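Below is one structure; the comments refer to it alone.
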Amino acid sequence: MSDAFFTPVSGFDLPRFAGVPTFMRLPHVDFDHSRFNEVQIGLIGAPWDGGTTNRPGPRHGPRQLRDASTMIRAQNGATGVRPFEAVNCADLGDVAPNPASISDSLARFTAFYDRVKAAGIRPLTAGGDHLCSLPILRAMAAGAPVGMVHFDSHTDLFNSYFGGQMFTHGTPFRRAVEEGLLDPKRVVQIGIRGTAYDNEDRDFADAVGIRVIAIEEFFARGLSDVMAEAREIVGSNPTYVSYDIDFVDPAFAPGTGTPEIGGPNSFEAIKVVRALKGLNIIGADMVEVSPPFDTSGATAYLGASILFELLCVMV
Ligand code: MN
Ligand code: MN
């Protein structure tokens, strides 16, 4: 049971549009804060898109997601979960990237999450592009590979881009498997679709035993059946959840760099998260929201809502 300090500001006490925005109107608790060690789930901004190969902008995601998340209320309307009463949640602030250096940014990320992990805090990250997941896993899965449920229209399993560039938002999970951070036999990727360069990513998935569920299979079998299989694949051992907003159809989430048509709607986007209830989730992220392409703000609101659903299955 969390105490009043870790309770979000209520819209009954201060209108949602007022105040300094933090994730879900939670207290801002940085590493130096006297109550840092009491935090159980930390919401973290990852304002970095140094791995982006196409249309940029997710570096602006955390600020926009904080603003959109002021719409979130205390209780999940479908499941009744009241996450802020169940565990101590706080906004841990942003990782400070180095926008001029990929390698230095990766190191800064891992150093930040090392401290989060050392404090026993489970991270819920708002990206940022999908390369952010790699340095997070380097901290959270160091020495003990984890399973992963990955929602995306892309596998992000390519080897390299632009002549040997190994660190882009299309390569993080290839690196994570190679570095022993992910147990490929406990990884499931859901929603894969779109035009392709070739089959190199899918061939790698097949070779190491990653289960790829393309969007055609997702809709043919139905959400419940697919998610039951996903739960079976990751089992009860430690599992990371990575959610790329481009999993959702661009009609509902246009504000992202690499949209792919023919995806789930916004209701299906949250239902897949609810299906993760009870899994052993060590951390999660929601990445690739790009405010410059999100002219209505609808993508950021969907992203904030997905973050809330992730939080509700983590408590
Ligand atoms: Mn991705
Ligand atoms: Mn993607």
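One-based numbering along the sequence shown. These figures come from a predicted structure and were not determined experimentally. Indexing begins at 1, ligand by ligand and atom by atom, following the structure's order.
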I'd like to know: is the Mn ion (ligand 1) within the 2.8 Å range of an N/O/S atom from [X], strictly under that distance?
X	answer
Asp152	yes
His130	yes
Asp246	no

| field | Geometric class of the Phe158/Tyr161 ring pair [parallel <30°, tilted 30-60°, perpendicular >60°] | value | perpendicular
Distance-only check: which donor-acceptor pairs under 3.5 Å involve side-chain atoms of residues 138-146, not counting sequence neighbours?
{"unit_1": "Arg138", "atom_1": "NE", "unit_2": "Glu179", "atom_2": "OE1", "d": "2.9"}
{"unit_1": "Arg138", "atom_1": "NH2", "unit_2": "Glu179", "atom_2": "OE2", "d": "2.8"}

| Between Phe5 and His33, is the gap from one ring center to the other below 6.0 Å? | yes
| task | Determine which of the N, O or S atoms in Asp156 is closest to the Mn ion (ligand 1) and give its atom name. | result | OD2
| message | How about CZ on Arg63, more than 12 heavy atoms from neighbouring residues, nucleotides or ligands closer than 6.0 Å, or not? | response | no
| task | Apply the side chain to side chain contact (heavy atoms under 4.5 Å, CB included) test between Phe218 and each candidate in Val226, Ile192, Asp225; give the one that qualifies. | result | Val226
| task | Starting from the Mn ion (ligand 2), look over the N/O/S atoms of Asp244 and name the nearest one. | result | OD2
| said: What is the name of the N/O/S atom of His154 that is nearest to the Mn ion (ligand 2)? | reply: ND1
| message | Taking Arg193 first and then Glu216, would you say they form a salt bridge - that is, a charged N and a carboxylate O separated by under 4.0 Å? | response | no
| message | Between His169 and the Mn ion (ligand 2), is there a contact where an N/O/S atom of the residue lies under 2.8 Å from the metal? | response | no
